[in-house]
Amino acid sequence: MKDEQVRELLYQALETEKGGVEIYTTALRCVENDELKEEWEEYLEQTKTHVQIVEDVLTKLGLNPDEETPGRKVVRHIGESLVQAMEMALSEGEPGAAQLVATEAVVLAETKDHHNWHLIGEVVKHSKGDLAKILKAAHEQVEDEEDEHLYHTKGWSREL
Ligand SMILES: [Fe+2]
Ligand SMILES: [Fe+2]
């Protein structure tokens with residue numbers, strides 16, 4: 001495991017969480033089902049906390065959370081594209097359609113989010129010292145929430 005890859009993973013994780021905030025904010029403009037709305041409101045708040053958690057991890061590791069990386073740019077681009085896709089569906093104005101697009105956008109975004117945290121969990125298993133300690137604490141805080149984010153919205157996407 002290379003330090004460079006861990007750094008890149010953490011920067012991508014931060015960008016994914018930041019994109020997540022924008023995606024949930026837009027998804028909440030698309031939602032029609034009250035129960036789903038409630039879940040997404042909760043996930044938006046949790047995602048804002050995840051941004052904070054990853055920023056803290058980077059700072060504790062002596063890394064600048066604002067540093068740009070090539071991978072980060074790609075993640076941002078995908079996030080912005082998902083927001084645009086929802087905007088497109090909203091502008092069509094067809095009942096239910098934007099909500100469906102939003103569930104798919106959330107599933108795509110949460111697949112990446114879930115994957116990042118899974119990999120962070122793997123890094124914990126294969127590292128020692130401060131790095132392991134800092135990542136383990138962060139991972140324990142978000143792991144269960146990421147499972148719920150992905151699997152619940154996948155379920156909604158199927159049901160709707
Ligand atoms: Fe997250
Ligand atoms: Fe998530």
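One-based numbering, in listed order, for ligands and for the atoms of each. Please read all numbers here as calculations on a predicted model, not as lab measurements.
Environment of NE2 in His114: crowded, with over 12 heavy atoms of neighbouring residues, nucleotides or ligands closer than 6.0 Å.
The aromatic rings of His152 and Tyr43 lie perpendicular to each other, with more than 60° between the two planes, well past the 30° mark.
No donor-acceptor contact under 3.5 angstrom links the side chains of Glu17 and Thr47, judged on distance only. Inspection of the Gln12 and Glu8 side chains reveals an N or O donor paired with an N or O acceptor under 3.5 Å.
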Begin from the C-alpha positions of His118 and His139 and carry the test ring-ring contact (aromatic ring centres under 6.0 Å, His included) through to its verdict.
CA-CA 9 Å; His118 175 75; His139 187 257; 8.3 Å; no
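Contact of the Tyr151 side chain with the Glu110 side chain is not registered, since no non-hydrogen atoms from C-beta on lie closer than 4.5 Å.
Within the protein, the N, O or S atoms lying under 2.8 Å from the Fe ion (ligand 2) are Glu110 OE1, Glu110 OE2, Asp113 OD2, Glu146 OE1, His149 ND1.
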